[in-house]
Each structure stands twice: as C-alpha cells, then as structure tokens.
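Take a look at the structure set out below.
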Amino acid sequence: MADGAAGRGEARPRTGAIVVAAGLSERMAGLDKVLTPVAGRPVLLHSLLAFERCDAVDEIVIVTREELEERVNALAASAGCAKVRFVVRGGATRAESSRHGLGALSKETELVLVHDAARPLVTPELIARVAAAAAVTGAALPGVAPVSTIKEEAGGVSVRTLDRARLREAQTPQGFRRGVLSKAFAAALRDKFDGTDEASLVERTGVPVALVEGDRRNVKITVPEDLAVVEALAGGQAPPQQTRVGFGYDVHRLVEGRPLILGGVEIPHPTGLLGHSDADVLDHAVCDALLGGAALGDLGLHFPDTDPRWKDAKGSVLLARTVEILRDSGYVPVNVDATVAAQAPRLAPHRDAMVTHLATFLRLPESRVSVKFTTTERLGFEGREEGIAASAIALVGRIPLAPEVP
Ligand code: MG
C-alpha cells in the first residue's frame, strides 16, 4: 500500500490507466518510438512496467495504431503485465485516442490516469502522487517549472519575456475522476476542440486541475536524439543484459557499369559491386553478424536471391528488416564493429556517412557503430581490385522479459 492513494484501510477509488501509444512518430526519422528499444527494452514497456508496479493502479488499457496492435499485445503478454485489460485502436486526434481508451476501462473504474507512452521514465511514485491528488480534487497533473527563460514570439521577433515563476511544463500521467474526463471529452467533441493533453480539455469545462510536483527525469521522446537522453537517464537502472556475439563476412565482385555502394553511401568509382541486391557488402556483413549473434541463420536464408522482392534491395532495407527479425526473437543490437577490405578507392572520407547510415537503420547511437578500412597491400582479390570484402562483429542483447526462444 506504500504507493497507494489512501492510507490505513481507507478505500481508494478503483483506478485505471490509459497508456496512449497511438502517435505517428512523425519527428522520429522513420523509427516507431513506442517500440524502439531504449535502455534494454521497448519504450512502451518502460511505462507499462511502471503502472504494473504501482499499487495505486488496478487496470491498464493501451491505445495504439491498428498496425501495431498485434506487436503491442505480444509485448504486454510477454512482459507478464497482468493489469493490461485491453489494447484498443487510437483515433485521428489525441482526444479521440484517449476517449477510445476511456471506453475500454471497466465500468467500475472511478479514477482515470492518462499517460503518454513517449514518457518511458515515469515512476510508480509519480503515478501514485497524481492518483492521490486527483482522488481528492477531481483533476490533477504533474508539472515542472521551466528552467529556461521563455519568450513570446511574433513575426520572428521576441516580443515578451514570460514570467517563468507562473509557468509549468505539463507532464503525464494526468489524473481525473471519470465523470470529469467524460464531460471534458463530450465538450471537446461538441466544440471540435483538440488539445495536446487531457488537462487542456478539462480546464475549458471550468474544472480546476491541481498541479502536483512532476519529475525532471520524466522526459518525452519526440526526436531521435531524445532516445540518447533517455538511455543516459535510465543507464543506472537498466537491467543487466544477456549479450551474445556474432560474426559476418561478405564478398562481392567489382564490375564496370554498377554503382559502388558501401554502408549506404554511393562512392564515385569506375567500378561497382555486382549482386542481386545493391551488393552493399558492408551492410551485408553487418546483417550477417547480427543474425549470427542471435543464431538466426544468415542473409541467404532471410533474403534469398531467388525472391524478386529482394532484387536491387537496398542495404538499408535489409538492415531494418534484420533488426525486426532480431526483435521478434527477443534481441536488440548492442554494438557493431566492421572492417572493409578494398584496395581502392580511399574510403576514409566516407566513414562518418557510413556510421550514420548503419546507426540510423540499426536504431543505435553512433557511438555504438564502428567502421574501419584496410587495403590488402595489393595481395589477393581485394588487392587486384577484383572485389571488395567486409567483415563485421556484432553484440546483440536479449530484451529483458522477451519470450524465451525455444
Ligand atoms: Mg552480399
């Protein structure tokens, strides 16, 4: 009962959490933020486990996009989240999504907590604090005082400095008596009002929303850089990861009339690599190393060159798909180190672009990706410029609480 809203024997209201994971991750460079692994587990799972562990919460409803439904269901099941009642589909707007969530809570639920899944570092303590306040006042949200000076802008000019002492940054979860939230949704629907949080809907119905102390660590993931922030903040508490190592090696022949593509970078050169796909020997070696780490076969098994789907397939497509194959078996890439053996051209000027490419499609920080180059002193097929070889080694980590691979 330590986290509970009520003390000694007082009944606290039955409380349901709506975890909203229905956004389109539009500023995430193609990553789906709720399923992206950070600090050893998918973003969404961090929030689910915080609500699961919080004694003030009785049930959880997850709102997500139709195409993620199956994976979100599997994630909740594999993590043993016993409080998850339903996974429901989101709507066109934020308010519509949370309204769908409200409809899926059991009818006995009196207190509702709405949480944005993009805030994975929420703690059971913060959840309990909001729930306790909302149970008393009817509506509560966690806020933190802004640390920067905030300006009002008009036409590219700073026209006013706002009084920082009067401002709060709104966080989630936000808590409401069920009736308060239902009325706010109905009013918003009637007035075609869409707010960026639930509190803004409730405020306009005239119900005061109490502010409780937020948590500076409860950051929101909006752009890919935020993943590194969350990783760093969670670093101390990340569960130890069971890791495994894999090795990959690939060779392609150099021929005239083909572009030379290495690590996703097209490099000006009189010859290019021959293959069914784009023949990106570096990407291929990295994929094989990752698959090898999880003992999931090789590129030939997953992307057979007899399958027209993979004809001219870009390395980026194979990398992204390899990450999905790994994830479906409960693994995530941890780090990658690769060496390309080529007599010519000089590749070092393209290193940064190759690292960025690999890091982007492997969903890793660039500090976990290494690309190196060597010639073979004119020895062998690489030395005679008949082909280019790449080898790679990769560490993969088990996603904690992922299903055991049989
Ligand atoms: Mg190959």
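Start at 1 and go down the list; that is how both ligands and their atoms are numbered. Residue numbers start at 1 and run along the sequence shown.
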Checklist entry - What's the atom name of the N, O or S in H252 nearest to the Mg ion (ligand 1)? => result NE2

Next on the checklist: I'd like to know whether D197 forms a side-chain hydrogen bond (donor to acceptor under 3.5 Å, both in side chains) with Q174, so could you lay out the CA-CA distance, the side-chain angles of the two residues, the decisive distance to 0.1 Å, and finally the verdict.
Outcome noted: CA-CA 8 Å; D197 68 353; Q174 301 184 347; 2.9 Å; yes

Next on the checklist: Out of the candidates D328, L291, V396, L301, only one should pair with L296 under the side chain to side chain contact (heavy atoms under 4.5 Å, CB included) rule; please name it.
Outcome noted: L291

Next on the checklist: Could you tell me if the side chain of I267 sits less than 4.5 Å from the side chain of L262, heavy atoms only?
Outcome noted: yes

Checklist entry - Within the stated cut-off of 2.8 Å, is an N/O/S atom of D280 closer than that to the Mg ion (ligand 1)? => result no

Item to check | E59 versus S106, side-chain donor and acceptor atoms under 3.5 Å | outcome: yes

Next on the checklist: Restricting to N, O or S, what is the name of the atom of D250 that lies nearest the Mg ion (ligand 1)?
Outcome noted: OD2

Item to check | Heteroatom of H284 nearest to the Mg ion (ligand 1) (N, O or S, atom name) | outcome: ND1

